[in-house]
Amino acid sequence: MIRLNPECPHCHQKDAIRSTGPSKIGLQRYLCRRCNKTFQARYYYRAHDHNLSRQIGGACSKWLEFAENRPASED
């Protein structure tokens, strides 16, 4: 098993880091005892997921189709 020695992105301390458990998506979180802030060694952004991009594009095209085909409102 590879052990990381992460550096705090806030105060750049390396020797005051403590493991605090996994994040919601399973990545390891750390706590800096010097500045008392938490961080992850790496981040995963769901917006970069290709399936999510397709879903957003599909929803947008459906909305545009709906907006173009709806009857005009009578004021």
Side-chain angles (χ1 to χ4, degrees):
M1 177 181 200
I2 298 173
R3 301 242 1 179
L4 295 176
N5 188 14
E7 177 182 299
C8 176
H10 308 285
C11 69
H12 306 289
Q13 187 72 21
K14 282 189 176 184
D15 58 349
I17 306 300
R18 186 181 75 142
S19 174
T20 62
S23 67
K24 288 181 181 179
I25 61 170
L27 297 175
Q28 183 63 52
R29 291 198 54 79
Y30 299 95
L31 170 70
C32 177
R33 294 185 204 176
R34 182 176 175 196
C35 66
N36 204 30
K37 293 187 178 181
T38 60
F39 64 96
Q40 293 175 193
R42 66 183 182 96
Y43 289 89
Y44 172 75
Y45 298 102
R46 290 189 171 192
H48 291 159
D49 186 8
H50 295 292
N51 190 29
L52 182 62
S53 296
R54 257 186 252 124
Q55 290 176 0
I56 292 171
C60 288
S61 63
K62 285 180 183 178
W63 170 250
L64 289 173
E65 182 181 325
F66 168 77
E68 290 171 353
N69 296 328
R70 71 181 185 156
S73 63
E74 295 178 23
D75 290 328

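Ser23 OG to Gln40 CD: the interatomic distance, rounded to the nearest 0.5 Å, is 4.0 Å. Note that OG1 of Thr20 is 6.5 Å distant from CD of Gln28, once rounded to the nearest 0.5 Å. Taken from CZ in Phe39 to CZ in Arg29, the straight-line distance is 9.0 Å, to the nearest 0.5 Å. Between atom OG1 of residue Thr38 and atom NE2 of residue His10 there is a gap of 7.0 Å, rounded to the nearest 0.5 Å. Note that the NZ atom of Lys14 and the NE2 atom of His12 stand 11.5 Å from one another [nearest 0.5 Å].
A 4.5 Å side-chain heavy-atom check between Ile17 and Leu31 finds every atom pair outside the cut-off.
By the side-chain hydrogen bond (donor to acceptor under 3.5 Å, both in side chains) test, Asp15 is found to be paired with Gln13, residues two or more places apart in sequence or in another chain being considered.
Clustering of Ile, Leu, Val, Met, Phe, Trp and Tyr side chains at separations under 4.5 Å places Trp63 together with Phe66.
For Tyr30 against Ser19, the heavy-atom pair with the smallest separation is CD2-CA, 4.0 Å.
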